[in-house]
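Data first, discussion second: the structure below is written as structure tokens.
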Amino acid sequence: MTRICLFLLLCVTCSAVSKPIVIGSYLIPGLIESTSTGRLIELLKDIEQITHLEFEVKLYPTKRVQLMFQQGQLPAYFPELEAQRSFPSCRTAAFMEKKIVVFNRLSEPMITDIKQLKGKRVGAVRGFSYGKNITHNPDLTIEWVSNDEVNLKKLQARRIDAFVGDLSSSINAIKMLQLDNEVHYNLAQPINELDVFFMFQQDSQLGAVCNQVNEAILLLKQQGKLDDLFLK
């Protein structure tokens, strides 16, 4: 009888361990295209291979992901920045730097310093993280829109002087609207850089998973695979 109980206990334990870990995320052009495509999904697959963990990606609106995590309804999510980090929580090492750059009309001098934005009408996307030196800057006049396609159209129509964005969603929007010859920017001179990482609930089991993912990120960084993934 004791052996049977022990066998059943081991079966239940194995089943719990092998169950995929639900991880939340949200659509980001180029980075998260679906639950199975995007550069961040490729990163997650690399992490699964190293750690032998299995994740189940579920997509929600950005704010809902963050709220569900805060309420304990999600074991983990990604990507996240320090400014939006929930406490208590476990964060991994950064797997990429989110570079915030300025996009403006090709016919005008390129903007590479935040001071150059003073007095200008600056476009930005609601829900997108830029850092407090931009969003809480009293010298900036920010006009919030739903996406970078709107920013580009406003820039074309001279309704804004520039907009802030990154090398994924913003540049994807430029390529999609075929405006490469009308807009310029300098990725080598960002006006802000933000760490991007995974978030896990801070209990004993998920804390251990967080540490495993952290080690996998550090290994991928040492191998140069993160540069291959995010700088290509």
Side-chain angles (χ1 to χ4, degrees), residues 23-44 57-66 77-85 94-106 110-112 114 117 121-135 137 140 142-157 159-199 226-232:
I23 186 164
S25 193
Y26 38 89
L27 295 173
I28 309 172
L31 295 180
I32 304 274
E33 300 285 358
S34 70
T35 58
S36 59
T37 57
R39 279 174 285 170
L40 289 187
I41 299 298
E42 291 178 46
L43 169 64
L44 190 61
V57 180
K58 293 193 175 182
L59 302 180
Y60 304 96
T62 307
K63 294 297 182 184
R64 186 178 173 192
V65 169
Q66 294 167 338
Y77 76 97
F78 75 117
E80 190 51 285
L81 308 172
E82 194 63 39
Q84 275 73 46
R85 184 182 173 195
F95 55 80
M96 66 177 282
E97 293 290 325
K98 183 176 183 178
K99 295 185 177 183
I100 306 300
V101 295
V102 181
F103 299 81
N104 67 320
R105 287 181 285 272
L106 192 63
M110 188 180 291
I111 299 174
T112 57
I114 197 167
L117 292 174
R121 297 166 298 172
V122 182
V125 176
R126 295 185 200 93
F128 192 94
S129 299
Y130 300 97
K132 291 183 179 180
N133 69 325
I134 296 172
T135 57
N137 192 324
L140 302 187
I142 297 179
E143 297 186 14
W144 298 95
V145 297
S146 58
N147 58 61
D148 275 325
E149 292 175 43
V150 177
N151 273 329
L152 282 161
K153 290 173 182 176
K154 289 180 71 173
L155 190 66
Q156 272 188 306
R159 290 167 54 202
I160 56 174
D161 303 303
F163 69 92
V164 285
D166 67 0
L167 76 166
S168 57
S169 55
S170 302
I171 293 177
N172 279 341
I174 291 170
K175 290 178 179 177
M176 188 172 65
L177 294 178
Q178 299 181 333
L179 294 176
D180 303 71
N181 296 324
E182 295 186 36
V183 179
H184 60 172
Y185 51 90
N186 189 341
L187 292 178
Q189 291 184 279
I191 60 171
N192 204 9
E193 293 186 64
L194 307 167
D195 282 350
V196 186
F197 46 80
F198 287 82
M199 292 275 289
L226 295 183
D227 288 342
D228 293 341
L229 190 59
F230 295 112
L231 298 180
K232 63 185 179 180

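Every heavy atom of this structure was used, including side-chain atoms; hydrogens, water molecules and symmetry mates were not.
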So, do [X] and [Y] sit near enough that their side-chain heavy atoms are less than 4.5 Å apart?
X: Phe163; Y: Val150; answer: no
X: Phe198; Y: Ile23; answer: yes
X: Ser170; Y: Tyr185; answer: no
X: Leu31; Y: Arg39; answer: yes
X: Met199; Y: Gln66; answer: no
X: Pro190; Y: Val101; answer: yes
X: Asn192; Y: Val164; answer: no
X: Thr112; Y: Ile191; answer: no

Separation between [atom1] of [X] and [atom2] of [Y], rounded to the nearest 0.5 Å:
X: Asn137; Y: Tyr130; atom1: CG; atom2: OH; result: 14.5 Å
X: Lys153; Y: Leu177; atom1: NZ; atom2: CG; result: 6.0 Å
X: Asn104; Y: Leu155; atom1: CG; atom2: CG; result: 7.0 Å
X: Thr62; Y: Leu59; atom1: OG1; atom2: CG; result: 10.5 Å
X: Ile114; Y: Leu140; atom1: CD1; atom2: CG; result: 5.0 Å
X: Asp195; Y: Met96; atom1: CG; atom2: CE; result: 10.5 Å

Is a donor on one side and an acceptor on the other found under 3.5 Å between the side chain of [X] and the backbone of [Y]?
X: Lys98; Y: Ser129; answer: yes
X: Gln178; Y: Lys175; answer: no
X: Tyr26; Y: Pro79; answer: yes

Check against side-chain contact (heavy atoms from CB on, under 4.5 Å), Leu44 and Phe95: CA-CA 11 Å; Leu44 190 61; Phe95 55 80; over 6 Å; no
Provide the closest heavy-atom pair for [X] versus [Y] in the form atom of the first, atom of the second, distance.
X: Phe103; Y: Val183; value: CB-CG1, 3.8 Å
X: Arg159; Y: Arg121; value: O-NH1, 3.1 Å
X: Trp144; Y: Arg126; value: O-NH2, 3.3 Å
X: Glu143; Y: Ile160; value: OE1-CG2, 3.6 Å
X: Leu117; Y: Ala162; value: CD2-CB, 4.2 Å
X: Val65; Y: Ser25; value: CG2-O, 3.3 Å

For the NZ atom on Lys154, are there more than 12 heavy atoms of other groups (residues, nucleotides or ligands in this structure) within a distance under 6.0 Å? yes
Run Val196 and Leu81 through side-chain contact (heavy atoms from CB on, under 4.5 Å) and show every step you take. CA-CA 5 Å; Val196 186; Leu81 308 172; 3.6 Å; yes
Please evaluate residues Val102 and Met110 with respect to the criterion side-chain contact (heavy atoms from CB on, under 4.5 Å), reporting the C-alpha separation (whole Å), side-chain torsions for both, the decisive distance (0.1 Å), and the verdict. CA-CA 8 Å; Val102 181; Met110 188 180 291; over 6 Å; no
